[in-house]
Amino acid sequence: AEFCILAMLAHYKSFLPNLRNQARKRWERFASTDLEGKTVGIVGLGRIGTETARMACDLGMHVIGTNATPPAPCVERFFPPEDLHQMLPLVDVLIISVPHTPQTENLIGKRELELLRPSAFVINIGRGAVMDEPALIDALQSGHLGGAALDVFAEEPLPASSPLWEMENVIVSPHSASTSDKENERLVSLFCENLRRYLDGQPLRNVLDPELYY
């Protein structure tokens with residue numbers, strides 16, 4: 001969730017161009033824009049998507065989203081998965097936060113990207129297979145999209161030949177957005193809690209549904 005907020009701020013506050021100017025020792029004032037008032041659409045309002053929605057609301061953004069279950073209270077409008085195409089033209093930022101399943105493979109393709117507003121910003125923290133990567137590259141190269149922040153890719157590590165590496169409006173993250181120095185502590189805490197729950201005959205947390213793949 002924090003990675004999504006970081007990516008939006010970096011994009012709309014012109015942070016990447018400013019870093020490049022710093023490396024060149026070039027002083028160049030710039031005008032950026034605010035997250036407040038922009039609409040973010042979250043595809044996948046699970047725990048990560050819901051936390052992202054909460055943070056975006058705190059920054060004054062309008063949050064809409066789609067999921068198989070009703071969303072968190074801070075989401076202003078809910079679209080069932082089959083109405084994804086109705087949601088896409090409404091968003092300034094599209095965040096993809098769904099797992100890779102038979103239902104989500106290539107969920108965001110050429111048609112979906114075309115439905116986004118011109119200069120929309122795309123963030124993918126789900127899985128690379130959820131997005132048609134060549135279609136994304138085409139949309140970025142054509143100027144239809146304003147940029148992207150990608151933590152997952154169709155092929156990992158991302159091949160050196162990928163044009164995504166050299167795009168100045170793209171953030172490439174090596175599938176590490178959730179990696180934190182607190183990760184092991186959280187995993188051990190979850191394991192111990194589930195062990196207590198198991199011994200007490202209580203339902204476990206974070207149980208995989210083999211039919212849903214998550």
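None of these values were measured; they are calculated from a predicted model.
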Could you tell me whether a side-chain N or O of [X] sits under 3.5 Å from a main-chain N or O of [Y], the two making a donor and an acceptor?
X	Y	value
Thr33	Tyr12	no
Asn21	Trp27	no
Arg77	Val63	no
Thr50	Leu45	yes
Gln141	Asp138	no

For the residue pair [X] and [Y], establish whether any side-chain heavy-atom pair is separated by less than 4.5 Å.
X	Y	result
Val43	Leu94	yes
Pro159	Phe153	no
Ile108	Leu113	yes
Ile96	Val122	yes
Lys38	Val91	no
Phe30	Pro17	no
Leu59	Met8	no
Leu150	Leu136	yes

key: Residues in side chain to side chain donor-acceptor pair (under 3.5 Å) contact with Ser162, at least two apart in sequence or another chain   =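 Applying side chain to side chain donor-acceptor pair (under 3.5 Å) to Ser162 gives none.
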Supply the atom-to-atom distance [X] [atom1] to [Y] [atom2], rounded to the nearest 0.5 angstrom.
X	Y	atom1	atom2	result
Ser180	Arg186	OG	CZ	4.5 Å
Asn184	Thr179	CG	OG1	10.0 Å
Arg20	Glu28	CZ	CD	11.0 Å
Leu9	Phe15	CG	CZ	10.0 Å
Ile123	Ile95	CD1	CD1	4.5 Å
Thr52	Glu2	OG1	CD	9.5 Å

Give every donor-acceptor pair under 3.5 Å between a side-chain atom in residues 201-208 and any protein atom, sequence neighbours left out.
residue : atom : partner : partner atom : Å
Arg205  : NH1  : Glu193  : OE1          : 2.8

ask   = Are Val152 and Leu6 connected in a single hydrophobic cluster, I mean Ile/Leu/Val/Met/Phe/Trp/Tyr linked by side-chain heavy atoms less than 4.5 Å apart?
value =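 No, no single cluster joins them.
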Val98-Leu88 co-clustered via ILVMFWY side chain contacts under 4.5 Å =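 Same cluster.
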task = Not counting sequence neighbours, list each pair that qualifies as a ring-ring contact (aromatic ring centres under 6.0 Å, His included) and has a residue in residues 98-144.
result =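 Only His11-Phe121 qualify under ring-ring contact (aromatic ring centres under 6.0 Å, His included).
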Which atom pairs, one a donor and one an acceptor, fall under 3.5 Å between side chains of residues 124-134 and the rest of the protein, sequence neighbours left out?
residue : atom : partner : partner atom : Å
Asn124  : OD1  : Gly126  : N            : 2.9
Asn124  : ND2  : Arg127  : O            : 3.3
Asp132  : OD1  : Ala135  : N            : 3.2
Glu133  : OE1  : Ala154  : N            : 2.9

message = Test: salt bridge (charged side-chain N to carboxylate O under 4.0 Å, His left out). Region: residues 144-162. Which pairs qualify, not counting sequence neighbours?
response =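 Not a single pair qualifies under salt bridge (charged side-chain N to carboxylate O under 4.0 Å, His left out).
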key: Where at least one partner belongs to residues 54-64, residue pairs that pass side-chain hydrogen bond (donor to acceptor under 3.5 Å, both in side chains), sequence neighbours excluded   =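 Counting only pairs at least two positions apart or across chains, the side-chain hydrogen bond (donor to acceptor under 3.5 Å, both in side chains) contacts touching residues 54-64 are Glu51-Arg54, Arg54-Asp58, His62-Glu76.
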